[in-house]
Enquirer: 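Below you'll find the structure I mean.
Computed from a prediction, not measured in an experiment: that's the story for all the values here.
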Amino acid sequence: MSKFNKDNLNPKNIYFIPLGGSEQFGVNFNLYAYDNSFLAIDCGIGFADHRFPGIDILLPDPQYIADQSEKLAGLIITHAHEDHIGAVPHLWPRLQCPIYCTEFTAMVLRRKFEEYPKCKKAKIHVVKAGESVQIGPYKAHFIPVAHSIPDTASIVLETKVGKVVHSGDWNLDPTPVIGARTEEKNFKAHKGALAYVGDSTNANVEGRSVSEKDVEAGLAEVFKGCKKRIAVTIFSSNVGRMRSIIKAAEANGRSVALIGRSLHNMAGIAIKCGYLNGVPDFVSEEDLSYLPEENQVLICTGSQGEGRAALAKIARGEHRDISLSRGDTVIFSSRAIPGNEAEINYVKNNLVAAGVKIIAPNDTQHCIHVSGHPRRDEVAEMYQWVKPQTVIPVHGERMQLEAQADLARSCQVKNVIVPNNGSVICLGPDTPEIIDHVETGLIAVDQRRLVPANHRSIIDRRKMQFSGSIHVSMVVNDRGDLLADPEMTTDGILDMDTEEDTQFEESLYAEIEDIFVDMKRKDRLDDHFISEEIRIGLRRFIFNALGMKPKTTVHVIRV
C-alpha cells in the first residue's frame, strides 16, 4: 500500500475515504474531504474472530485523520448500532472533534461517555431528523429512514461541487413499529447526486425486506405454541424488536423481563424518548419468581453467542438469577453475523443438552426476524429516487460490495467504484476514480488497552493456540559452563500424566544438553547464541517427532 501524501488533495474536489467497513461487516468509519476540511461519518466496532485470541472487539485505525485532527470539522453518527457508534468512546480522544447525531443516538453516546473520562469534553450537537446543519464547508441534511433502531438518518452532504448521499443503514419497511418510514420525496429532493455511498449488507439477497410489523404477528403465533418459559435473544439496540416482543407477549398473557445490562440501558433510553409508550411495564428479575413460568418472556442479550452475555451464562448454568430447563423455549430473533456461527452453536448446544427447545428464523414458518437492511429491489428503488452519477458500495464483505456493484451496473448507473479500506476516491467534479490509498487497519481492544490488531502479543497467542509453547531457562557461568539442570515448561504439548509424554520430556532435556555440549567454548560466552541455537534445535526436534512448531523461548541467566 502506497504512502499517500495528504497534501495532494485538491481543495476544489470532494473525496471519499473509507477507513473501515468496506472489506468487512462492522468497524464502519468513513471520511469525506473537501476544501481543506474533513468530515467523518460513523465510527463503529467489529467483532473479533478466532484469529484474535483473547480479543472481543475491533476498532478502525484512525491514524490517518488523527494526524491532522485539526482539519476534522466533525463526526456524524447515523444511528446507535454498535457497528456505527461503538468505537467513538475509544477513539474520540484522538479525534477531538464535535459530534452530530439525532436525539436517541446522542443519549446512547452520552451513556457510553459516562464510563470514559477522556470523553468528558466531547461536544454532542443534537440534530432533529429532517433538519440540516452546516459543518465546516459541508451542509449535512439528516434524512429520517426506517431501520431497527430509532432516530436513524441517512446523510446528504451538500458542497459547491455537488451532493453525496451517504445512506447509512436503512430499509423500506412500509409499517415500522418504531420511528419513521423511508420516504421517497426526501431522496428525490437530491436527485442527480454526485454519488450514492450505500449499505451493501443484503445486496446479494433478492426481493424486499419484510416489515417489523410481521415479526410482531409471527412471534405472537410462536408464543402460542410454547408451554413454559420463553426466552428471546436479540441485539440489545433493536428497540423495534423489543416492542414487537412486548406486544406478542401481551397478546399471549405473558409479562416481559429484560436480562442483560445493555438491554436495560437501551430500554431506559427508549422510554425517555417515548419509543416504548403504550406497552406494559417490564417485570424485574427479582419479581420473576412470583410469576408462573407459563406467563414469562425473557428478552436476553447474547444473540451472537458472546461468552459474557446473559444467554451464554444461562446456557452454561452460570447466571446468578436465571436458569432454563426442559420444556422451556429459546427464540433467536436475529441473524448470525458472519464469523459468529461457532459461538452461537456452542450456546445452542448447551441449551439443547438441558432439554431447552431452540427456534431460529429458519426453524419456523412464522416470521420471527427481519433485517433492518435493504434487499436488491429496495436498493434499485433507491437508485431510481436518487439517480446518482456514481455508486460506491460500502458496509459489507467483498461479496456484498460486488453484488451491489453488479446491481448498480444493471440499473444503468454511469460509474461504479468498489472500494477497499483506505481507498482515496475523487468523486468530482471530474470523472470519479480511485486516485491512491492511505494506510489503515484495525485496532484490538485488549482488556484495558488498545493495540494494533497485528500486535506481537496477539500473533503469539494465535501461534500458541494452535501449536503450544515451550519455555527453557538455563543458568551459565562466565566461562560458559552449565551450573544446573535446565528448567523447562511446556503448554499445549505434553500430558505429564502419561508415561509416553514423560519419556518425551526426558528426551527434550537430553536434546537441550546435547545442543549445549556441542557448542564451542567461545560460542557459550554469547547469551544470544546459546538462546537461538537451543530454540531452533528444540523446534526442529519437536517438529520431527510431533509435527508441531511451538512458540519457543530460551532464557539464559549468566552468573
Enquirer: Looking at E500, is its backbone amide N or carbonyl O close enough to the side chain of Q503 to form a donor-acceptor pair, meaning the two atoms are under 3.5 Å apart?
Expert: no

Enquirer: Among residues at least two apart in sequence or on other chains, which ones pass side chain to side chain donor-acceptor pair (under 3.5 Å) with R94?
Expert: Q63

Enquirer: Test your reading of the model: is there a side-chain donor-acceptor pair from D363 to the backbone of A360, 3.5 Å cut-off?
Expert: yes

Enquirer: Please check: side-chain N/O of Q68 versus main-chain N/O of I65, any donor-acceptor pairing under 3.5 Å?
Expert: no

Enquirer: Is any side-chain N of the basic residue among D321 and K313 closer than 4.0 Å to the acidic one's carboxylate O?
Expert: no

Enquirer: Measuring from atom CG of L39 to atom CG of L72, what distance do you get when rounded to the nearest 0.5 angstrom?
Expert: 7.5 Å

Enquirer: Under the criterion salt bridge (Lys or Arg N to Asp or Glu O under 4.0 Å), I'd like the reasoning laid out for D527 against R558: C-alpha separation, chi angles, the key distance, then a yes or no.
Expert: CA-CA 8 Å; D527 292 355; R558 184 77 63 172; 2.4 Å; yes

Enquirer: Output yes when a side-chain donor or acceptor of S467 lies under 3.5 Å from a complementary backbone atom of M548, and no otherwise.
Expert: no

Enquirer: Assess, by modelled atom type and distance only, whether the side chains of S200 and Q400 contain a donor and an acceptor separated by less than 3.5 Å.
Expert: no

Enquirer: Test D446 against R449 for salt bridge (Lys or Arg N to Asp or Glu O under 4.0 Å), laying out the working first.
Expert: CA-CA 5 Å; D446 190 11; R449 64 174 181 167; 3.0 Å; yes

Enquirer: With a 3.5 Å distance limit and no angle check, can you tell me whether S423 reaches the backbone of N421 through a side-chain donor-acceptor pair?
Expert: no

Enquirer: Show your working on salt bridge (Lys or Arg N to Asp or Glu O under 4.0 Å) between R398 and E402 and close with a plain yes or no.
Expert: CA-CA 6 Å; R398 196 71 188 189; E402 292 291 352; 3.2 Å; yes

Enquirer: Please identify each residue that fulfils salt bridge (Lys or Arg N to Asp or Glu O under 4.0 Å) with R540, with sequence neighbours left out.
Expert: none

Enquirer: Quick check: are there more than 12 heavy atoms from other residues, nucleotides or ligands sitting under 6.0 Å from CZ of F529?
Expert: yes

Enquirer: Only one of T489, T490, T553, T552 clears side chain to side chain donor-acceptor pair (under 3.5 Å) with H471; which?
Expert: T553

Enquirer: Does the structure place the NZ or CZ of R524 under 6.0 Å from the centre of the six-membered ring of F516, at an angle of no more than 45° from the ring's axis?
Expert: yes

Enquirer: Is the Lys NZ or Arg CZ of K549 less than 6.0 Å from the centre of F543's six-membered ring, within 45° of the axis?
Expert: yes

Enquirer: Given H166, which of I392, I41, D199 fulfils the side chain to side chain contact (heavy atoms under 4.5 Å, CB included) condition?
Expert: I41

Enquirer: So, E82 and K112, do they make that salt bridge, N to O below 4.0 Å?
Expert: yes

Enquirer: Which distance, rounded to the nearest 0.5 Å, do you find between the CG of D436 and the CD1 of I17?
Expert: 10.0 Å

Enquirer: Between the main-chain N or O of H147 and the side-chain N or O of T152, is there a donor-acceptor pair closer than 3.5 Å?
Expert: no

Enquirer: Look at atom CZ of R479 and say whether more than 12 heavy atoms of other residues, nucleotides or ligands are closer to it than 6.0 Å.
Expert: no

Enquirer: Taking everything shown except E341 itself, do over 12 heavy atoms lie less than 6.0 Å from its CD?
Expert: yes

Enquirer: Name the residue from T201, N171, N202, D169 that meets the side chain to side chain donor-acceptor pair (under 3.5 Å) definition with S371.
Expert: N202

Enquirer: Any ion pair linking R539 and E511 (charged N to carboxylate O, less than 4.0 Å)?
Expert: no

Enquirer: Apply salt bridge (Lys or Arg N to Asp or Glu O under 4.0 Å) to the pair E318 and R316, showing each step before the final yes or no.
Expert: CA-CA 5 Å; E318 297 175 0; R316 296 193 301 265; 3.0 Å; yes

Enquirer: For H528, is there any backbone N or O sitting under 3.5 Å from a side-chain donor or acceptor partner on S531?
Expert: no

Enquirer: Answer yes or no: does atom CD of E70 have more than 12 heavy-atom neighbours from other residues, nucleotides or ligands under 6.0 Å?
Expert: yes

Enquirer: Could you give the side-chain donor-acceptor pairs of residues 324-340 under 3.5 Å, partners two or more places apart or in another chain?
Expert:
from : atom 1 : to   : atom 2 : distance (Å)
D328 : OD1    : R229 : N      : 3.2
D328 : OD2    : S325 : N      : 2.8
S333 : OG     : R241 : NH1    : 2.9
S333 : OG     : I368 : O      : 2.6
N340 : ND2    : Q304 : OE1    : 3.1

Enquirer: Please report the C-alpha distance between F235 and H81 in whole Å, then the side-chain angles of each, then the deciding distance to 0.1 Å, and finally whether the ring pair (Phe, Tyr, Trp, His ring centres under 6.0 Å) criterion is met.
Expert: CA-CA 9 Å; F235 288 104; H81 277 153; 7.3 Å; no

